[in-house]
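What's counted below: heavy atoms across the whole structure, side chains too, no hydrogens, waters or symmetry copies. Worth saying up front: this structure is predicted, and the values here are computed from it rather than measured.
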Amino acid sequence: MIRKMLTRATVTAAAAALLVTGAGVGAAQAHTASEAIQAGCGSGYSVVRDGTRNLVTTRGEIWGQVYLTYNSSTGYSCVVTRKTAFHGTSTKTLARLSVQGSTVREDWAYYSHWAAVKSYARGRCVAYWGDVRNPTGTDNAGGGRWTWGNCG
C-alpha cells in the first residue's frame, strides 16, 4: 500500500512539474492501460480474456476503464481502475476484486489516476468492478463483471 501511494505521489508530482515548466500543454493526459497496470499491480500481469470494461455513466459517457489482470507466475489477480475523466484530480475511485470462496478486496479512496487491488486467485473464479466519482461526488461511472468468470 505504501509503495502504491508513493508511486502515485511520484507520478502526480512529475505531472505537476511538467505543467509548471511548460512542457505540458492543456489537460493532463491519462496514463495508458499498461502504465496503470504496471504501477498498480507490478510486473508480470496481463489482461485476461473478458478483462476490460468501460466505466460508463447513466448517460453513456465513458470515464475510464477497469482491467482484470492475472500473473500466472504468482497466481494473483489484480484489478486496476484507470481514470480518463477527471484524470489528475483526486476523486473517489474504486477497484474491487472478488475471489470465489474468499473475501472481497477493494481499494475505494481518493485517487488522481487509478485504484488497484490484488488477491490470490489460482484455481478460483473471480468477479471485478471499478467505479469513478466526479469531483463533487454527485455522479459516477462504473463497470465490470458481477458474475463469476475467468476460473482456473
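Once rounded to the nearest 0.5 Å, the distance linking NZ of K118 with CG of N71 reads 8.0 Å. Here the straight-line distance linking atom OG1 of T32 with atom CD1 of I37 works out to 8.5 Å at 0.5 Å rounding. Atom OG of residue S77 and atom OH of residue Y45 lie 8.0 Å apart, to the nearest 0.5 angstrom. With rounding to the nearest 0.5 Å, the separation of OG1 in T93 from CH2 in W108 is 7.5 Å. We find the OG1-OH distance between T69 and Y76 to be 13.0 Å, quoted to the nearest 0.5 Å. With rounding to the nearest 0.5 Å, the separation of OH in Y110 from CZ in R133 is 8.0 Å.
Judged by the 6.0 Å and 45° rule, K83 forms no cation-pi pair with W63.
Side-chain contact check for D131 versus V66: every heavy-atom pair is 4.5 Å or farther apart.
In terms of modelled atom types and a separation under 3.5 Å, the side chain of D107 and the main chain of V117 share no donor-acceptor contact. With hydrogens and angles disregarded, a donor-acceptor distance shorter than 3.5 Å links the side chain of R122 to the backbone of S72. For the pair N54 (side chain) and G143 (backbone), a donor-acceptor distance under 3.5 Å is absent.
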Q.
Between Q38 and S43, is the side-chain contact (heavy atoms from CB on, under 4.5 Å) condition met? List the steps.
A. CA-CA 6 Å; Q38 172 71 29; S43 61; 4.0 Å; yes
Q. Passes side-chain contact (heavy atoms from CB on, under 4.5 Å), Y128 versus R53? Steps please.
A. CA-CA 10 Å; Y128 67 105; R53 300 287 175 103; 3.2 Å; yes
Q. What's the verdict on side-chain hydrogen bond (donor to acceptor under 3.5 Å, both in side chains) for Q65 and R82, showing C-alpha distance, side-chain angles and the deciding distance?
A. CA-CA 5 Å; Q65 290 76 35; R82 178 178 69 108; 2.6 Å; yes
Q | Derivation of the side-chain contact (heavy atoms from CB on, under 4.5 Å) call for H87 and H113 | A | CA-CA 6 Å; H87 180 82; H113 305 284; 2.8 Å; yes
Q: For T89 and T91, run side-chain hydrogen bond (donor to acceptor under 3.5 Å, both in side chains): C-alpha distance rounded to whole Å, both residues' side-chain angles, the deciding distance at 0.1 Å, then the answer.
A: CA-CA 6 Å; T89 301; T91 66; over 6 Å; no
Q) Given Y70 and N150, is the side-chain contact (heavy atoms from CB on, under 4.5 Å) satisfied, shown in steps? A) CA-CA 10 Å; Y70 185 72; N150 297 94; over 6 Å; no
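Annotation for E106 and L94: closest pair CB-CD1, 3.9 Å, computed over non-hydrogen atoms. The heavy-atom pair separating T81 from G130 by the smallest distance is OG1-CA, 3.3 Å. Closest of all the heavy-atom pairs between R105 and S119 is NE-OG, 3.6 Å. Across W146 and A127, no two heavy atoms sit closer than the pair O-CB, 3.6 Å. Closest approach of V104 and S98 over heavy atoms only: CG2-OG, 3.7 Å.
L55 and W129 are members of different hydrophobic clusters when ILVMFWY side chains are connected at heavy-atom separations under 4.5 Å. Residues V79 and V48 are members of one and the same hydrophobic cluster, defined by side-chain heavy-atom contacts under 4.5 angstrom among Ile, Leu, Val, Met, Phe, Trp and Tyr.
Counting heavy-atom neighbours within 6.0 Å of R49 CZ, excluding the residue itself, gives a total of 12 or less.
If you check the side chains of D139 and N134, you find no donor sitting under 3.5 Å from an acceptor.
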